[in-house]
Amino acid sequence: MPHTDRQRRPGTAGTVALLVGSALLACLGLLLLAHDPSSAPRTTGTSTTAPRRESTPAASTPARSSPTSPADASASPAPAKGEGAPSPAAVPNDITAAARHFVLAWSGHDARPGKDSSYDDAAHRAAAYSSRDLAEQLTTNSAGSARQWQQWTRTKAVVAAEISQISVPDGAPEPTADTAWIRVRYRLTTTPATGRPSSTDEQVALKLQRDQAGTWLVTALPYV
């Protein structure tokens with residue numbers, strides 16, 4: 001017996017309801033699967049994302065004092081020029097002249113033919129500016145001076161001094177009316193007959209005293 005449309009409709013409606021219900025259940029399952037952490041797939045390889053580290057409070061470091069800026073330095077008063085250091089004592093002109101004449105005569109030599117005959121000729125010239133006792137000490141021959149003179153005579157050399165400074169040595173007393181301690185700095189140049197001259201910077205300490213006639217004379221070479 002043939003079926004009519006009314007007889008077929010209940011079967012069709014049930015099928016549609018079953019399909020809709022299945023779809024809803026599938027969607028619900030997918031939602032639950034997506035929100036379940038334990039169901040997420042795990043990879044065996046090393047993750048390329050660095051693990052998240054909990055931030056820790058930075059250790060406190062002591063503040064460093066900043067250096068003084070040029071503006072701050074200029075704000076502080078600068079010491080006066082020469083403050084805290086004693087000014088060098090002035091050397092009287094007559095003492096300066098006596099020391100200069102002595103050093104130029106004592107250190108100068110001329111080994112050219114017809115000039116000085118020995119190393120001691122310089123000491124004889126310096127005797128005019130020194131005491132008798134010191135003049136005798138200056139003419140004492142030594143092996144070193146003899147060798148030096150031989151070298152100069154071979155090269156026909158002229159030895160001359162150029163004074164650069166005359167002052168009171170550090171720690172020495174200031175000149176008095178009859179005694180003075182002086183330091184003389186000078187450049188000693190040796191010029192041979194042929195070849196280039198050579199120079200050295202030298203210094204010598206002098207003790208000067210005024211004699212009865214009022215003339216300043218060198219009486220000692222403290223460190224010679």
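The first residue of the sequence shown is numbered 1, and numbering continues consecutively from there.
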Peer 1: Report the residues that fulfil salt bridge (charged side-chain N to carboxylate O under 4.0 Å, His left out) with Asp121, sequence neighbours left out, ordered by chain and then residue number.
Peer 2: none
Peer 1: Once you measure the plane-to-plane angle for Trp106 and Phe102, does it fall in the parallel (<30°), tilted (30-60°) or perpendicular (>60°) bin?
Peer 2: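 Taking Phe102 first and then Trp106, their aromatic rings lie parallel (interplane angle under 30°).
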Peer 1: Thr153 side chain to Trp149 main-chain N or O, any donor-acceptor pair under 3.5 Å?
Peer 2: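 Looks like yes, one N/O pair under 3.5 Å.
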Peer 1: I need the Thr96 OG1 to Asp94 CG distance, nearest 0.5 Å.
Peer 2: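 So the OG1 of Thr96 and the CG of Asp94 are separated by 8.0 Å.
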Peer 1: Might you confirm whether atom CH2 of Trp181 has over 12 heavy atoms from other residues, nucleotides or ligands at distances under 6.0 Å?
Peer 2: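 Not more than 12 within 6.0 Å, no.
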Peer 1: For Thr176 and Asp178, what are the C-alpha separation, side-chain angles and deciding distance, and is it a side-chain hydrogen bond (donor to acceptor under 3.5 Å, both in side chains)?
Peer 2: CA-CA 5 Å; Thr176 63; Asp178 57 2; 3.1 Å; yes
Peer 1: Kindly give the heavy-atom pair with the smallest separation between Val168 and Pro175, and that separation in Å.
Peer 2: CG2-CD, 3.9 Å
Peer 1: Is Thr190 close to Trp152 at the side-chain level, that is, under 4.5 Å between some pair of heavy atoms?
Peer 2: yes
Peer 1: With distance as the sole criterion, is a donor-acceptor pair present between the side chains of Thr189 and Ser199 under 3.5 Å?
Peer 2: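 Present: a donor and an acceptor within the cut-off.
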Peer 1: Going by the side chain to side chain contact (heavy atoms under 4.5 Å, CB included) test, name the single residue among Leu206, Ile95, Ile182, Val103 that passes it with Ile166.
Peer 2: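 Answer to the side chain to side chain contact (heavy atoms under 4.5 Å, CB included) test with Ile166 among Leu206, Ile95, Ile182, Val103: Ile182.
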Peer 1: Report the residues that fulfil side chain to side chain donor-acceptor pair (under 3.5 Å) with Thr194, sequence neighbours left out, ordered by chain and then residue number.
Peer 2: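 Applying side chain to side chain donor-acceptor pair (under 3.5 Å) to Thr194 gives none.
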Peer 1: After noting the C-alpha distance and the side-chain angles of Arg210 and Thr215, does the key distance pass the side chain to side chain contact (heavy atoms under 4.5 Å, CB included) rule?
Peer 2: CA-CA 5 Å; Arg210 190 192 296 269; Thr215 303; over 6 Å; no
Peer 1: Check whether Thr139 reaches the backbone of Glu136 with its side chain - one donor and one acceptor, N or O, closer than 3.5 Å.
Peer 2: yes
Peer 1: With a 4.5 Å cut-off on side-chain heavy-atom distances among I, L, V, M, F, W and Y, is there a chain of contacts connecting Tyr186 to Leu138?
Peer 2: yes
Peer 1: Sort and list the pairs that fulfil salt bridge (charged side-chain N to carboxylate O under 4.0 Å, His left out) and have at least one residue in residues 105-118, not counting sequence neighbours.
Peer 2: Asp110-Arg112, Asp116-Arg125
Peer 1: Ser198: which residues meet the side chain to side chain donor-acceptor pair (under 3.5 Å) condition with it, sequence neighbours left out?
Peer 2: none
Peer 1: Working to the nearest 0.5 Å, report the span between CD of Gln151 and CZ of Arg147.
Peer 2: 10.5 Å
Peer 1: Applying a strict under-4.5 Å side-chain criterion to I, L, V, M, F, W and Y, I'd like to know whether Leu134 and Tyr119 cluster together.
Peer 2: yes
Peer 1: Asp120: what forms a side chain to side chain donor-acceptor pair (under 3.5 Å) with it, not counting sequence neighbours?
Peer 2: none
Peer 1: Write down the atom of Ala122, the atom of Gly108, and the distance for their closest heavy-atom approach.
Peer 2: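 Taking every non-hydrogen atom into account, CB-O, 3.2 Å.
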Peer 1: What do you reckon, is CD of Glu162 surrounded by more than 12 foreign heavy atoms closer than 6.0 Å?
Peer 2: no
Peer 1: Working to the nearest 0.5 Å, report the span between OG of Ser130 and CG of Leu221.
Peer 2: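 Those atoms lie 8.5 Å apart.
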Peer 1: Give me the atom names and distance for the closest heavy-atom approach of Ser131 to Thr219.
Peer 2: OG-CA, 3.6 Å
Peer 1: Tell me the closest heavy-atom pair linking Ala99 and Leu208, and the distance in Å.
Peer 2: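 For Ala99 versus Leu208, the nearest heavy atoms are N-CD2, 4.1 Å.
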Peer 1: So which pairs with a foot in residues 179-193 pass salt bridge (charged side-chain N to carboxylate O under 4.0 Å, His left out), sequence neighbours left out?
Peer 2: Arg187-Asp201
Peer 1: Looking at every heavy atom in both Thr191 and Pro197, which two are closest together, and how far apart are they?
Peer 2: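 Heavy atoms only, the tightest pair is OG1-CB, 3.7 Å.
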